[in-house]
There are 4 protein chains.
Amino acid sequence: MSVNERKSDKTKKQIIEAAGELFSTKGFDSVTMRQIAKKAGCSHTTIYLYFKDKETLLHQLSKPPLEKLYNEILKITAKDSSPQERLNLLSQTYILFGLTYKNMYRIFINTEASRVDEEEPELEINKLRLSIFAELEKVIAQRLSISKGEESLLFTRVFFYTLHGIVTTYQDSNESIDELYNRLKLTFEAAVESLLLGFQAKLDLGVG
Amino acid sequence: MSVNERKSDKTKKQIIEAAGELFSTKGFDSVTMRQIAKKAGCSHTTIYLYFKDKETLLHQLSKPPLEKLYNEILKITAKDSSPQERLNLLSQTYILFGLTYKNMYRIFINTEASRVDEEEPELEINKLRLSIFAELEKVIAQRLSISKGEESLLFTRVFFYTLHGIVTTYQDSNESIDELYNRLKLTFEAAVESLLLGFQAKLDLGVG
Amino acid sequence: MSVNERKSDKTKKQIIEAAGELFSTKGFDSVTMRQIAKKAGCSHTTIYLYFKDKETLLHQLSKPPLEKLYNEILKITAKDSSPQERLNLLSQTYILFGLTYKNMYRIFINTEASRVDEEEPELEINKLRLSIFAELEKVIAQRLSISKGEESLLFTRVFFYTLHGIVTTYQDSNESIDELYNRLKLTFEAAVESLLLGFQAKLDLGVG
Amino acid sequence: MSVNERKSDKTKKQIIEAAGELFSTKGFDSVTMRQIAKKAGCSHTTIYLYFKDKETLLHQLSKPPLEKLYNEILKITAKDSSPQERLNLLSQTYILFGLTYKNMYRIFINTEASRVDEEEPELEINKLRLSIFAELEKVIAQRLSISKGEESLLFTRVFFYTLHGIVTTYQDSNESIDELYNRLKLTFEAAVESLLLGFQAKLDLGVG
DNA sequence: TATGAATGAGCCTTCATTCAT
DNA sequence: TATGAATGAAGGCTCATTCAT
C-alpha cells in the first residue's frame with residue numbers, strides 16, 4: 001500500500017508539475033493532454049486517473065500557487081516595516097507571481113464567482129482574490145492613514161489596475177523574468193510611489 | 001478587369017469585416033475559417049487567396065482598427081482643450097477601444113517587433129504602438145509642463161500600465177461595455193487624476 | 001461543376017454503400033467511421049462532409065432500403081393473385097429484407113415515434129412502419145373476408161410477431177441468407193398457412 | 001481456507017449478481033467492467049480473477065437464469081392441467097423471461113453450438129435451448145395428439161417464431177414489463193390459440 | 001485472493017489547409 | 001478569381017485489460 005501510495009503520489013505530482021509548466025507557458029487550449037503525459041512520463045490516460053478532465057486539472061493546478069501567493073502577501077502585510085515598504089514588497093511579489101505563473105494568474109483574474117453549480121474550486125479562487133484585494137486595501141489605507149471605506153476602495157482599485165497592467169504588459173514578453181524585472185524595477189517602484197503620492201494629493205484636495 | 005478588381009476588393013473587404021467581427025468577439029482559436037467564410041459570403045478556400053493563413057489574416061486584420069484608434073487619439077491630442085481634458089478623453093478612448101476590440105487589442109499589445117522574417121505587418125503594428133505611446137507621452141508632458149525625457153517616459157509607462165490594467169481587468173467581463181463603462185467611469189477618471197497628481201507630487205519632490 | 005457533382009455524388013454513394021454493408025453486418029456501435037472510410041476509399045473526415053455525424057449517417061442510410069421494402073410490399077398487395085399468394089409473397093419479401101438488412105431492420109423496428117425534437121427521419125421511419133403494417137392488415141382482412149377492425153388488428157399483430165420472430169431468429173446466423181431461406185422455405189410457408197388457418201378457425205369459433 | 005473459499009465464492013457471486021442486473025438492463029456494450037465492479041463492491045481487476053474477459057463473464061452469467069427458465073418450464077410441462085393450459089403458461093413464462101432478462105435472452109437465442117474451441121458454456125446454453133425446445137414440442141404434440149416427428153417439429157418451430165417475435169417486438173419498449181404484459185395479455189393468448197387452431201386445421205387438411 | 005496503478009488501442013470529431021477544376 | 005472536394009494531424013476521452021504488489 002504505502003509503496004503504491006508513494007508511486008501514485010509521485011505520478012500525480014509529476015502530472016501536476018508537467019501540466020503546471022506547460023500551462024504556465026502555453027495557455028489552456030494549446031496544451032494537450034498528450035503533451036502533459038509525455039512530459040510527466042506517463043500515458044495520457046493516466047491523467048484521467050487523477051483528474052476528471054482537462055478543465056479540472058487546470059483548476060486544481062491553479063489553487064496551490066494562488067494560495068502560496070496569498071500566504072506570501074499575508075506575511076508581507078503582517079510585517080513591521082513601513083506601509084510604503086510593505087506596499088513595495090507586495091507589489092513586487094504580485095508582479096513576479098503574475099509573470100511567473102502566467103496561466104494561473106489568468107485564472108486568478110478571470111475566475112468568476114458565478115458558476116455556482118460547480119463543486120467548489122471556482123469559489124475558492126474567487127475568495128482568494130477577494131482576500132488578496134482586502135490585504136492590498138488594508139496596507140493602502142494604512143499608508144494613507146485612512147480607514148477602509150469608499151476612498152480606500154477606489155484607491156485600491158486604481159492601484160490594482162496598475163499592478164495588473166504591469167503584469168499583463170509583460171506577460172508574453174520573451175525576456176527572462178529576471179532580466180525584465182531588473183530592467184524595470186525602478187519603473188515599477190516609481191509607479192507605486194506615484195500612485196500613493198497621487199492618492200495623498202487627491203485626499204488633500206478632498207476626493208470627488 | 002476593373003470590374004473583377006472591384007469584385008475582388010469587395011470580397012477581400014467582406015472577409016476582413018467578417019473576420020474582424022468574429023475575432024473581436026470570440027478569440028483567435030475559437031473562430032474557424034469556415035465561420036469567417038460563411039459570414040463573408042464566400043468559400044473558405046477563397047480566404048487563402050487573400051491571406052496566407054489564419055495568423056496572417058488576424059494580423060492584417062488588426063491594422064485598420066488600430067490605425068483608427070491612432071487617428072482618434074491624434075485628433076484628441078490635437079485639440080485645444082486642457083491637457084487634463086485631453087488625457088481624460090484619450091484614456092476613455094483607449095479603454096473603450098480595448099474593451100470593444102478585444103483581440104485586436106491583444107495583438108496591439110503583444111506584437112513583437114522582432115519577428116523579422118515575416119513580411120511586415122508586425123512592424124507596422126509595432127510602429128503604431130510606439131506612435132500612440134508617443135502621443136500619450138506628449139500630452140502627459142504638457143500636462144506636467146515638462147519636456148520629453150526620462151521623466152516623461154517613466155510617467156507615461158506608469159500611466160500606460162494603469163490604462164492597460166483597466167482594459168485587461170474587464171476584458172472578459174460579461175457585463176456589456178456600456179454598462180461597465182458607466183458603472184466605473186468615475187473610478188477611471190479618478191485613476192487618471194490620481195496618477196497625474198502623483199506624477200506632479202513626485203516632480204515636486206524631485207524624481208529619484 | 002458537373003464533374004465535381006459527379007465526383008461528389010460518387011463519393012457519397014460509396015460512403016453510403018460502405019456504411020450500409022458495414023452496418024448491416026456489424027451493428028451500430030461496432031462500426032467505426034474509419035472502417036467505413038476505408039471501405040469507401042476515402043478519408044474518415046470526408047464522411048463528415050456528407051453526414052453530420054455517425055447517427056445521422058445511419059438514419060439516412062436506413063430510409064432508402066426501408067422505402068424500397070415498402071414499395072415492394074405495395075406492389076405485392078396490389079397484385080391480382082389470391083390473398084393467400086400475396087401473403088406468402090409479402091412474408092417472403094419481409095423475411096428476406098430483415099435478414100439482408102439487419103440493422104436497417106432493427107431501426108425499422110426500434111425507431112420510436114417519440115423523439116419529436118429531432119428533424120424528421122424518425123417520424124418518417126415510423127410512418128413507414130405503420131404503412132407496412134396497414135398493408136399487411138389489408139391482405140389479411142381480404143384473405144379472411146373480414147373488414148378492418150379489432151379482429152383484423154389482432155390477427156395482424158400475431159402474424160407480425162411470427163414474421164418478426166422468424167427474422168430475429170435467424171438474424172445472426174452464420175448461414176448464407178440463400179442457403180437459409182431455401183432450407184426453411186417450407187417451414188415459413190407452413191407458418192403462414194397455419195396462422196391463416198388458425199385465424200379462420202378462430203373466426204368460425206367466434207373470436208371472444 | 002474454507003473461510004477464504006467462502007469469501008471468494010461470495011465475491012464471485014456478487015460479481016455475477018451485479019453483472020447480471022447491469023447486463024439485463026443496459027446491453028452488453030454499455031456496461032463497463034468498472035460499473036460491475038462498483039456494484040459488486042470489489043475492484044474491477046478482481047473480476048478478471050474469476051472471468052477470463054467480459055464476454056466470458058456474460059456467458060457464464062447467462063447460464064443460471066436460463067437454467068431457471070428451463071426448470072420453470074419443466075415444472076409447467078409436468079403439470080396435470082390440459083395441454084392448452086400448459087402451453088399458455090409456458091408461453092407466458094417464456095415471454096416474461098425474454099422481456100425481463102433481455103441480454104440473457106439474446107444470448108440464449110444467439111449462442112451457436114459451433115465455437116468448439118471455447119471451454120464449454122456455449123455448448124451448455126445450446127443444450128438448454130434444445131431442451132426447452134423439446135419441452136415445447138412435447139406439449140404441442142400432446143395438444144395436437146400427435147407423436148414427435150416432422151410435423152411436430154414444424155409446428156414447434158412456427159410456435160417458437162411467434163413467441164420469439166413477441167419477445168423481440170417489445171424488447172426495447174419503454175413501457176414497464178407489467179404494464180405491457182397486462183395490456184397485451186389477450187393478444188398473446190389469442191396468438192397461442194390461433195396457432196394451435198391453425199396447426200389442427202393443417203393436420204385435418206393433411207400436412208404438406 | 002485482491003487491488004491500485006498504468007496503459008494502448010481506439011473512438012468520434014474538428015480544423016486549417018491543399019488540390020483540381 | 002473562386003470553389004467544392006478531400007485530407008492529415010490532432011484533440012479529448014473511454015475502456016478492457018495487464019502488471020506489480
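Letters go in sequence order (proteins before strands), and every chain restarts at 1.
- Taking Thr32(A) as the reference, nothing meets the side chain to side chain donor-acceptor pair (under 3.5 Å) condition, with sequence neighbours excluded.
- Contact annotation: Thr11(C) side-chain N/O to dA6(F) OP1/OP2 distance is under 4.0 Å.
- Nearest-nucleotide positions on DNA chain F place Lys12(C) closer to the 5' end than the other of Ser30(A) and Lys12(C).
- Here dT17(E) presents its P atom at 17 Å from CG of Leu49(C), a figure rounded to the nearest Å.
- Under the rule for a side chain to side chain donor-acceptor pair (under 3.5 Å), the partners of Thr56(A) that lie at least two apart in sequence or sit in another chain are Asp53(A).
- In this structure, Tyr48(B) has no ring-ring contact (aromatic ring centres under 6.0 Å, His included) partners at least two apart in sequence or on a different chain.
- Cation-pi geometry between Lys12(C) and Phe51(C) is met: under 6.0 angstrom from the ring centre, within 45 degrees of the axis.
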| task | Could you walk me through whether Lys52(C) and Leu57(C) pass side-chain contact (heavy atoms from CB on, under 4.5 Å), step by step? | result | CA-CA 7 Å; Lys52(C) 192 176 141 278; Leu57(C) 171 57; over 6 Å; no

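- Between Ile15(A) atom CD1 and dT7(E) atom P there is a gap of 9 Å when expressed in whole angstrom units.
- Taking a cutoff of 4.0 Å between a charged side-chain nitrogen and a carboxylate oxygen, Asp172(A) and Arg106(A) qualify as a salt bridge.
- With rounding to whole Å, Asp9(C) atom CG is found 10 Å from dA6(F) atom P.
- The side chain to side chain donor-acceptor pair (under 3.5 Å) test applied to Thr168(B) returns His164(A), Thr168(A), not counting sequence neighbours.
- Computed from coordinates, the Leu57(D) CG to dC15(F) C1' distance equals 15 Å when rounded to whole Å.
- Projected onto DNA chain F by closest heavy-atom contact, Asp29(D) and Lys54(A) fall at different nucleotides, the more 5' of which corresponds to Lys54(A).
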| message | One pair to check against side-chain contact (heavy atoms from CB on, under 4.5 Å): Lys38(B) and Arg34(B). What are the steps and the verdict? | response | CA-CA 6 Å; Lys38(B) 197 174 182 182; Arg34(B) 276 177 161 83; over 6 Å; no

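- Protein atom CG of Asp53(B) is 17 Å distant from nucleotide atom P of dC15(E), rounded to whole Å.
- Of the residues in residues 32-47 of chain C, those lying under 4.0 Å from DNA chain F by heavy-atom distance are Arg34(C), Cys42(C), Ser43(C), His44(C), Thr45(C), Thr46(C).
- Summarising the geometry, the separation between CZ on Phe51(B) and P on dA16(E) is reported as 15 Å, rounded to the nearest angstrom.
- When distances run from any side-chain atom of Tyr48(B) to the nucleotides dT1(F), dA16(E), dA5(E), the shortest one goes to dA16(E).
- If you take NZ of Lys13(D) and P of dT1(E), they are 19 Å apart, rounded to a whole angstrom.
- Heavy atoms of Tyr50(C) sit under 4.0 angstrom from primed sugar atoms or phosphate atoms, though from no base atom.
- When base pairs are accepted only as Watson-Crick or G-U wobble with both N-N or N-O distances under 3.5 Å, DNA chain E takes part in stems of 3 or more pairs at E:2-21 with F:2-21.
- Taking atom NZ of residue Lys10(B) and atom P of nucleotide dA2(F), one finds them 11 Å apart after rounding to whole Å.
- Heavy-atom neighbours of Tyr101(D) OH from other residues, nucleotides or ligands within 6.0 Å: at or below the threshold of 12.
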